[in-house]
Amino acid sequence: MAETDDAPAPTTAFPQASTVTDFAANLAAVQATIDATALRAGRNPGDIRLLAVSKTVPEERLRLAVQAGCHELGENKVQEAKRKVEAMADLDISWAIIGHLQTNKVKDMVPFAAEFHALDRLKLAETLDRRLQASGRSLDVYVQVNTSGEDSKFGLPPAAALPFLRELRAYPSLTVQGLMTLAMFTTDTERVRGCFRLLRDLRDRARDEDPDLVGPGGLSMGMSGDYPVAIEEGATVVRVGQAIFGARPLPDSYYWPSAAH
Ligand SMILES: *Cc1c(COP(=O)(O)O)cnc(C)c1O
């Protein structure tokens, strides 16, 4: 991510998990936080799904995580995901693509992805729908909204989200599951919360307009640094990487090239 005026959130030291026992402990700790936060917020913990984000984690360590009970993995780059899918075809894993997708990568993603969390433009919807139809399948999708207003982030401007959902009706193989966002990277929890609230408000407005417009109305939001806040604000899927696998060696700007480019 490009530098913003906000101080970046300090990277909490997430220790590397390197044994099945480490992974089991990390998964249990994250799940316990999900459960406790949900209950405190008056929500049912069973309404929140943990998607483990495995980008940059090599196959050997991923196999340990799967042994520890991780069966849904999120990757943000199609090429990396494709390599892992092929290398781990012997395992029972459901794969999600959660990052920005170039139209020319659609053909590589469609054969293996169970869900896609970063739908943000009609051209991509159209290309996906055509390729899915040709493959005789549908795909669960979340529409990505840029709730932080930072131009370094992908996603539709909030005002464009509802019109976009209306247009998606034209693409029958895209099964809308809800909305997705990345909150602002800042230690200011109230600003982070504001991003999540905005996504929830958009979901609620879409439902008010038409109960079917946003599918089941899921909210894919919250990462290692902010998932408890996201749960308080209604997250139904949290995308957690470092708190399960350990800190990544490279800064996030490496994985999220600026949307402005
Ligand atoms: C990497 C990533 C995450 C997870 O971030 P962590 O800090 O590892 O929890 C969530 N969502 C997206 C889109 C990502 O690229």
Side-chain angles (χ1 to χ4, degrees), residues 1-2 8-17 22-23 26-27 29-31 33-34 37 48-58 61-62 65 70 72-81 84 94-102 105 109 113-121 124 140-148 150 152-156 177-187 189 192 195-196 199 218-231 233 235-259:
M1 199 184 90
T11 34
T12 326
F14 295 109
Q16 289 298 305
D22 290 345
F23 282 111
N26 288 353
L27 286 164
V30 171
Q31 191 60 55
T33 302
I34 291 173
T37 309
I48 299 145
R49 185 158 65 95
L50 171 60
L51 178 60
V53 177
S54 52
K55 65 187 181 209
T56 77
V57 181
R61 292 178 61 229
L62 275 186
C70 218
E72 288 183 36
L73 297 178
E75 288 281 338
N76 72 341
K77 291 186 175 175
V78 169
Q79 294 321 111
E80 179 178 346
K84 290 176 177 174
S94 170
W95 295 91
I97 292 293
I98 61 173
H100 182 71
L101 181 66
Q102 289 172 288
K105 298 282 171 20
M109 182 184 82
E115 49 188 301
F116 174 54
H117 289 234
L119 184 59
D120 61 357
R121 57 203 194 279
L124 180 59
D140 286 349
V141 297
Y142 290 81
V143 170
Q144 184 173 359
V145 181
N146 180 350
T147 55
S148 68
E150 297 165 292
S152 57
K153 294 227 171 63
F154 291 105
L156 291 153
Q177 292 295 317
L179 304 177
M180 176 273 208
T181 203
L182 291 160
M184 189 175 281
F185 292 119
T186 168
T187 49
T189 305
V192 170
C195 295
F196 296 144
L199 198 72
L219 296 175
S220 169
M221 57 189 198
M223 316 181 4
S224 294
D226 57 19
Y227 70 93
V229 182
I231 290 169
E233 297 304 329
T236 63
V237 187
V238 291
R239 308 178 310 266
V240 177
Q242 299 180 82
I244 295 171
F245 295 100
R248 279 183 297 275
L250 294 164
D252 278 332
S253 54
Y254 177 78
Y255 313 105
W256 291 314
S258 171

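Being a predicted model, the structure only gives us computed values, none of them experimental. Whatever order the structure lists ligands and atoms in, that order sets their numbers, starting from 1.
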Legend entry - side chain to side chain donor-acceptor pair (under 3.5 Å) between Gln144 and Asp120, intermediate numbers included: CA-CA 5 Å; Gln144 184 173 359; Asp120 61 357; over 6 Å; no
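Of all the heavy atoms in Leu101 and Lys105, the pair that sits closest is CD1-CB, 3.6 Å. Nearest heavy-atom pair across Ala65 and Phe245 is CB-CE2, 3.7 Å. Residues Gln242 and Ala247 come closest through the heavy atom pair OE1-CA, 3.4 Å.
Here Asn76 has side-chain heavy atoms under 4.0 Å from ligand 1, and that is the only part of it that gets that close.
Counting only distance, with no hydrogens or angles, the side chain of Thr181 and the backbone of Met221 share no donor-acceptor pair below 3.5 Å.
Heavy-atom contacts of Val240 reach the following atoms of ligand 1: 9 (O) (cutoff under 4.0 Å). Atoms of ligand 1 lying under 4.0 Å from any heavy atom of Lys55, numbered from 1 in the order shown and given with element: 1 (C), 2 (C), 3 (C), 14 (C), 15 (O). The distance from ligand 1 to the heavy atoms of Ile98 drops below 4.0 Å at these ligand atoms: 11 (N), 12 (C), 13 (C), 14 (C). Within the listing of ligand 1, atoms 1 (C), 5 (O), 6 (P), 7 (O), 8 (O) sit less than 4.0 angstrom from a heavy atom of Arg248.
Residue Leu182 has no nitrogen or oxygen atom sitting less than 3.5 Å from a nitrogen or oxygen atom of ligand 1, judged on distance alone.
Of the candidates Ile98, Val240, Val238, Leu73, Ile98 is the only one forming a side chain to side chain contact (heavy atoms under 4.5 Å, CB included) with Leu51.
For the ligand labelled ligand 1, residue His117 lies outside the 4.0 Å heavy-atom shell.
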